[in-house]
Q: 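Quick one: structure below, then a few questions.
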Amino acid sequence: MLEGDDLDAVIQYLTEITKETPYLDDIDVIDRDGIIIASSGEQNEKGEYVLTLYPTLDAGFTAARTARQGQVFVSDVLDLDSGPGLAFLTPITDETNLVVVRVLLVEVNLDVVAKIVADFDARVVGDKYVYLVDNDGRVLVSADPQTRPMSSFPDLVVEPDLLDRFSTQGEVGNTTY
């Protein structure tokens, strides 16, 4: 659907997803030149150049334009319209799944994710914390006052192979140790 020509249908689809998913700020479909051709919700950034909006996405956008289907590139923390957030970029390929025709940009609101993590964290017994980390071991969200967003996950010092449990591309999950 996202590679199709009916942009009104794409915009409607993206808007429905953001309405149903509270931690998503915005979803954009970007052409290979960096122009947003479809944008969800009220923000409607259609026609904008993505790197004018978020200059720090340059490396991720460049990588996504030549990536394989399923690869995801995560930004550093950005100042989104609703507060701190992350941008996830992934290629949209043609029907062969080999040629990148567009790039999908998903903006995630970290304040909302932090509330979800804090809710989960409240159920943890003792002085332990819940961490949401990316594939590189950077902490995205945690209630741990000693850990800043985008810093290294402190437990990797003690157990360096911890993230290897999630080494397959696109694999997600949780672990208790």
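Heavy-atom basis, side chains included; hydrogens, waters and symmetry copies ignored.
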Q: Taking atom CD1 of Ile27 and atom CD1 of Ile11, what is their separation to the nearest 0.5 Å?
A: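 One finds 12.5 Å between CD1 of Ile27 and CD1 of Ile11.
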Q: Ignoring hydrogens and geometry, is there a side-chain-to-backbone donor-acceptor pair from Ser151 to Thr147 under 3.5 Å?
A: no
Q: Within this structure, what is the CG-CG distance for the pair Leu80 and Leu53, rounded to the nearest 0.5 Å?
A: 11.0 Å
Q: Distance from Asp33 atom CG to Tyr49 atom OH, nearest 0.5 Å?
A: 8.5 Å
Q: Quick one: does Val139's side chain get under 4.5 Å of Leu132's, heavy atoms only?
A: no
Q: For Asp28 and Ser39, which heavy atoms make the closest approach, and how far apart are they?
A: OD1-OG, 2.7 Å
Q: Quick one: does any side-chain atom of Thr93 pair with a main-chain N or O of Val100 as donor and acceptor, under 3.5 Å?
A: no
Q: Using modelled atom types only, decide if a donor and an acceptor are shared between the side chain of Thr18 and the backbone of Thr15 within a distance under 3.5 Å.
A: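 Judged by distance alone, yes, a pair lies under 3.5 Å.
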Q: Could you check Val108 against Leu24 for side chain to side chain contact (heavy atoms under 4.5 Å, CB included), going step by step and ending with a plain yes or no?
A: CA-CA 5 Å; Val108 176; Leu24 293 182; 3.9 Å; yes
Q: List in chain and number order the residues that pass salt bridge (charged side-chain N to carboxylate O under 4.0 Å, His left out) with Asp58, two or more places apart in sequence or in another chain; answer none if no residue qualifies.
A: none
Q: Is there a donor-acceptor pair under 3.5 Å between the side chain of Asp144 and the backbone N or O of Gln146?
A: yes
Q: Glu45 versus Val50: any side-chain heavy-atom pair under 4.5 Å?
A: no
Q: For residues Leu78 and Ala87, report the shortest heavy-atom separation together with the two atoms involved.
A: CD1-CB, 3.6 Å
Q: Check whether any side-chain heavy atom of Thr56 sits under 4.5 Å from a side-chain heavy atom of Asp76, and report yes or no.
A: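 SC-SC contact between Thr56 and Asp76 ruled out.
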Q: Do you know the tightest heavy-atom contact between Asp26 and Ser40?
A: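 Heavy atoms of Asp26 and Ser40 come nearest at OD1-OG, 2.7 Å.
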Q: Does any N or O in the side chain of Arg32 come within less than 3.5 Å of the main-chain N or O of Arg65, such that one atom is a donor and the other an acceptor?
A: yes
Q: Between Ser142 (side chain) and Val130 (backbone), is there a donor-acceptor pair under 3.5 Å?
A: yes
Q: Rounded at 0.5 Å granularity, tell me how far OG1 in Thr21 sits from CD in Glu16.
A: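 The CD atom of Glu16 is 11.0 Å from OG1 of Thr21, to the nearest 0.5 Å.
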Q: Flag the pair Leu89 / Leu104 as yes when at least one side-chain heavy-atom distance between them is below 4.5 Å, and no otherwise.
A: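 No; the side chains remain at least 4.5 Å from each other.
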Q: Distance from Leu86 atom CG to Asp25 atom CG, nearest 0.5 Å?
A: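 Spacing of CG (Leu86) from CG (Asp25) equals 10.5 Å.
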Q: Using every non-hydrogen atom in the two residues, find where Leu7 and Ile37 come nearest and quote the distance to one decimal.
A: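 Reported closest heavy-atom pair: CD1-O, 3.7 Å.
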Q: Measure the shortest side-chain to side-chain distance between Pro154 and Tyr131 over non-hydrogen atoms and say whether it is less than 4.5 angstrom.
A: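 Yes - at least one pair of side-chain heavy atoms lies under 4.5 Å apart.
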Q: If you compare all heavy atoms of Ile36 against all heavy atoms of Ile30, which two are closest, and at what distance to 0.1 Å?
A: CG1-CG1, 4.1 Å
Q: Quick check on Phe88: does its CZ atom have over 12 non-hydrogen neighbours (other residues, nucleotides or ligands) under 6.0 Å away?
A: yes
Q: Between Val103 and Ile92, is there a side-chain heavy-atom distance shorter than 4.5 Å?
A: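 Counting from C-beta outward, Ile92 and Val103 never come under 4.5 Å.
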Q: At what distance, to the nearest 0.5 angstrom, does OG1 of Thr90 lie from CD of Gln69?
A: 8.0 Å
Q: How far apart are the closest heavy atoms of Pro91 and Ala64, and which atoms are they?
A: CB-O, 3.3 Å
